[in-house]
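Keep in mind it's a predicted model, so treat the numbers as computed, not measured. FYI, side chains are in, hydrogens and waters are out, and symmetry mates aren't considered; it's all heavy atoms of this structure.
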Amino acid sequence: EECFEALHRLGEIRHSNRISEANVLQMFPTAAMITSIESKYGESISMEDILGVKPKKKIRSWERKAEGPVVEEVVVEEKKKEIVRLKGPTDDKNPEFEKYLKTRKSKDFLAEQDELLKKAQEEADIARERRIAEDAKEDPDRYMYSTQKLAYTEIKKAQLRDRLSKEKNCTFTYSQDYTSQTVSMVDAERLKHVLEEENRKKWKTERGFKYPAPRKASEWNVHPDKPSQSRIDILSEEWVENELHPENVKREVKLKPGQPDFDTVPSNGKMIFGGFEAPRYTREYESQNIGSSTTLPRGHAIDVKNPSFFNSVHLNGEEQAAEEEALKKKAEEEWRSKIVVDSLDFLVGGFVQKDVPDQLDRVSDILAGPAMKTSLKIVRNARLPSGKKVPLRPPPYSIFSSGKFEDPKDFTEDLRPNDPTTYLSKTATGEGNDFYRYIHHHTGKPKSQTFVAKKEIKPLTEGERFSGDPRWGTSS
């Protein structure tokens with residue numbers, strides 16, 4: 001088998017045009033195949049077999065005898081060794097097949113393919129010319145790029161959509177396996193342009209944008225500052241003083257009989273309320289002393305302290321706090337005098353409620369009043385087969401609020417008893433070892449982490465306890 005495969009590969013290599021093809025197709029025989037061919041068909045060959053002539057032996061100068069005359073080189077024919085054949089002769093002649101090769105007429109496949117290609121090219125040229133002539137009648141102008149208005153591809157797509165739109169209740173596609181290959185029956189780009197054109201018509205005029213816009217003949221004699229019609233209507237109305245600026249809203253002051261109004265002018269008539277006290281000087285003003293380096297026009301100012309200068313007409317400090325506390329206490333007493341209930345706490349089921357609403361009352365506002373929905377009416381008026389009405393009762397406050405209290409049962413009483421015969425581990429005496437549930441926290445740790453000093457602490461002697469320090473007493 002290896003010998004046949006090697007001969008087959010060598011034959012394929014002879015027909016190969018490129019050595020790279022032979023490498024890619026793995027045409028080269030392996031070493032085992034070559035060895036198999038040599039063992040079956042190989043034999044030793046001589047130089048005569050390789051060169052085709054008998055070799056001539058040459059006598060070199062060092063082969064001549066040291067003594068004796070120098071003679072020319074003589075070519076001695078080598079006697080052919082007798083070849084001993086260990087295998088049968090190879091039959092590599094086939095006269096009948098060689099005679100058949102001389103008379104065989106091989107078919108020229110390349111010429112046949114050239115004829116078929118030439119014929120197909122002629123038919124394609126004829127079909128193309130016919131198609132060009134038909135397209136020239138329909139679309140005389142052609143544009144190859146899709147961004148142009150008269151693109152050939154888009155025109156053909158539109159024609160295809162028009163033709164396919166006549167078929168109802170069906171879908172056309174280039175591939176049944178992929179949805180993206182479905183033929184779109186709507187031209188999205190064309191619809192976009194139509195919408196843009198319609199939108200443009202809403203704000204674009206036919207004559208275009210011109211500023212200033214040309215005026216009509218009736219507007220030539222109109223004053224450029226003529227007010228608008230709305231302004232003319234407003235000016236024709238009756239004038240109302242401060243119609244748009246009414247008087248500010250303020251608190252009405254009602255004085256009791258004989259009560260004077262608040263006066264911002266102090267009683268002395270000199271100071272303004274909220275301002276500083278008028279300064280005092282040693283003499284009256286003298287204008288002749290203006291610019292003097294030794295005498296002031298009014299002399300020196302007198303330092304007068306007014307103890308009531310910083311007093312305010314408003315209450316503050318302790319007096320204000322006492323008044324606010326009295327008002328608060330009075331309002332609380334007045335509110336308590338109006339209470340008619342026994343307790344101020346809000347109780348539901350005998351329990352004090354918090355500020356947040358109770359979870360049991362979260363649907364009280366929804367279920368308040370008679371049922372209006374038909375389904376709720378059916379539920380609320382439900383009756384048993386015997387005719388007894390089944391009223392809806394509110395849920396209990398707690399699942400633990402009903403029933404007599406009982407001590408909880410010990411759950412270990414119902415557990416399966418221990419069976420030492422089923423234990424996997426054994427003790428040193430051979431008894432079953434139960435599951436060890438309590439693991440010490442020192443288990444698995446090195447001794448350096450679990451070392452505990454257990455040195456005994458000796459108690460103090462009497463001499464050490466009472467060493468003369470008065471804090472510890474004296475020895476007896």
Side-chain angles (χ1 to χ4, degrees), residues 141 143 145-151 154-155 157-158 161-162 165 184-279 285 287 309-317 320 323-324 327-328 330-331 334-335 355 357 365-366 368-369 372-373:
D141 298 331
Y143 301 92
Y145 299 101
S146 59
T147 56
Q148 298 181 2
K149 184 177 181 180
L150 301 177
E154 298 300 328
I155 292 175
K157 287 183 180 180
R161 284 192 292 269
D162 294 340
S165 61
S184 177
M185 304 302 293
V186 179
D187 189 359
E189 193 68 24
R190 186 59 55 86
L191 290 178
K192 181 180 178 181
H193 293 325
V194 171
L195 293 176
E196 290 180 356
E197 188 65 25
E198 293 178 356
N199 187 24
R200 192 179 294 106
K201 289 181 180 180
K202 295 179 181 179
W203 53 266
K204 185 177 180 181
T205 60
E206 296 180 357
R207 63 182 182 178
F209 178 77
K210 293 183 180 180
Y211 182 81
R215 294 187 298 175
K216 300 179 181 178
S218 59
E219 300 177 356
W220 290 349
N221 296 330
V222 179
H223 194 277
D225 296 335
K226 178 183 177 181
S228 61
Q229 185 62 33
S230 60
R231 183 60 178 167
I232 294 174
D233 296 340
I234 294 174
L235 295 175
S236 62
E237 297 177 357
E238 185 180 357
W239 173 257
V240 178
E241 188 69 25
N242 290 331
E243 180 181 8
L244 301 178
H245 303 282
E247 188 178 359
N248 295 332
V249 179
K250 60 183 180 180
R251 183 176 58 183
E252 183 180 359
V253 179
K254 295 183 180 181
L255 301 177
K256 297 180 181 180
Q259 180 183 3
D261 195 2
F262 184 76
D263 190 3
T264 59
V265 180
S267 59
N268 55 13
K270 294 183 179 180
M271 294 188 299
I272 300 176
F273 180 75
F276 295 100
E277 186 178 359
Y285 176 76
S287 60
F309 176 75
F310 292 101
N311 292 345
S312 174
V313 295
H314 304 284
L315 295 176
N316 54 17
Q320 182 180 1
E323 184 177 358
E324 291 178 355
L327 292 175
K328 183 178 180 181
K330 181 180 179 182
E334 183 179 358
W335 180 80
D355 296 337
D365 57 340
I366 302 175
M372 304 300 293
K373 195 172 181 180

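Atom CD of E196 is surrounded by more than 12 heavy atoms from other residues, nucleotides or ligands within 6.0 Å.
The existence of a salt bridge linking E197 and R200 is confirmed by a sub-4.0 Å separation between a basic side-chain nitrogen and an acidic carboxylate oxygen.
Distance NZ/K157 to CZ/R190: 12.0 Å, rounded to 0.5 Å. Atom CD of E237 is separated from atom CD1 of I232 by 13.0 Å, given to the nearest 0.5 angstrom.
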